[in-house]
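Inspection log for the structure reproduced underneath, given as structure tokens.
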2 protein chains.
Amino acid sequence: MEFNGFMQAALDEARKAADRGEVPVGAVLVSPQGEIVARDGNRTRALNDPTAHAEILVIRARCAELGSERLPGHDLYVTLEPCAMCATAMSVARIRRLYYGASDPKSGGVEHGARVFTHPQCHHVPEVYDGIAARQAAELLKEFFAARR
Amino acid sequence: MEFNGFMQAALDEARKAADRGEVPVGAVLVSPQGEIVARDGNRTRALNDPTAHAEILVIRARCAELGSERLPGHDLYVTLEPCAMCATAMSVARIRRLYYGASDPKSGGVEHGARVFTHPQCHHVPEVYDGIAARQAAELLKEFFAARR
């Protein structure tokens, strides 16, 4: 499955999150062998956990499965620019590549605000690829927030 | 219990973390009524979870207990300057005040690097008090890393 397929899987997780009443962001984690090994959407409400963003959930799930606190060679696909919490989690987990969809000027921490990966205090920096299926990811979010008003 | 007592409790948790072979950082969470309602130290190794920093663990524990993804009126005491992941977690959890001990030029994200609380992408900023029992916190870390060399 090429990277478009992985982002479509992340978009599926975002749609499922929206159906649960969660902010529609989805993430998938791909192993060094190119298989999807974890996939989830935001669950902050369902889990009563403000850290339960899609990215954190897939990292924690895969680390638990492997019995490791690091995921070398793993790539993370997420529909929205990660916040500073999730970007830092990717760094400490040693994620190889980050692919994301829509830009998030309001809460993002990669190309906006904290710009986590640009500081020497960040000891591992993934390769970052942005703008993948960005329009679809942005529309999901727009529909979700429009429906709630 | 005044704030020195809370930081001493956090230092106790840091010592227990060191005894477990974890990086010696400890945190306690104090309710609006002034009671310690969660306390823990780093557990990234024991839990195989790169996000299991002391601060994240106490936030997650208290949120689970209250059935809420927000902790208004709660104060967090931690022995070391939080990284960008933990600082952002405090923001999304709506922590009222952050008290921390030693400064962390190498990995900190509050007064160093990402400076998470200084950007408009951070939608809630706790009051921050630093340098509390800083010498003790720094010595714990120094001893820990010296013993492992």
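Only this structure's heavy atoms are used, side chains among them; waters, hydrogens and symmetry mates stay out. Proteins come first, then strands; the chains are lettered A, B, ... in the order of their sequence lines, and each starts at number 1.
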Checklist entry - Are any of the side-chain heavy atoms of A:L66 and A:H74 separated by less than 4.5 Å? => result yes
Next on the checklist: Please determine whether a side-chain nitrogen of the Lys or Arg among B:D12 and B:R15 lies less than 4.0 Å from a carboxylate oxygen of the Asp or Glu.
Outcome noted: yes
Item to check | With A:E139 via salt bridge (charged side-chain N to carboxylate O under 4.0 Å, His left out) - residues at least two apart | outcome: A:R135
Next on the checklist: Assess whether a salt bridge exists between A:R43 and A:E22, defined as any Lys/Arg side-chain N lying under 4.0 Å from an Asp/Glu carboxylate O.
Outcome noted: no
Checklist entry - Any idea which of A:R60, A:H53, A:R115 has the most non-hydrogen atom pairs under 4.5 angstrom with chain B? => result A:R60
Next on the checklist: Tell me which of these, B:V92, B:T88, B:N48, has more heavy-atom pairs under 4.5 Å with chain A than the rest.
Outcome noted: B:N48
Item to check | Worked check of side chain to side chain donor-acceptor pair (under 3.5 Å) between A:E111 and A:Y100 | outcome: CA-CA 11 Å; A:E111 57 176 305; A:Y100 68 84; 2.7 Å; yes
Item to check | Top contributor to chain A interface from B:I56, B:L47, B:L71, B:D49 [non-hydrogen pairs under 4.5 Å] | outcome: B:D49
Next on the checklist: Please classify the contact between A:S68 and chain B as side chain, backbone, both or neither, with a heavy-atom cut-off of under 4.5 Å.
Outcome noted: backbone
Item to check | Contacting moiety of A:A64, where chain B heavy atoms sit under 4.5 Å | outcome: backbone
Checklist entry - Which answer fits A:R62, side chain, backbone, both or neither, if we ask what part of it has an atom under 4.5 Å from a heavy atom of chain B? => result neither
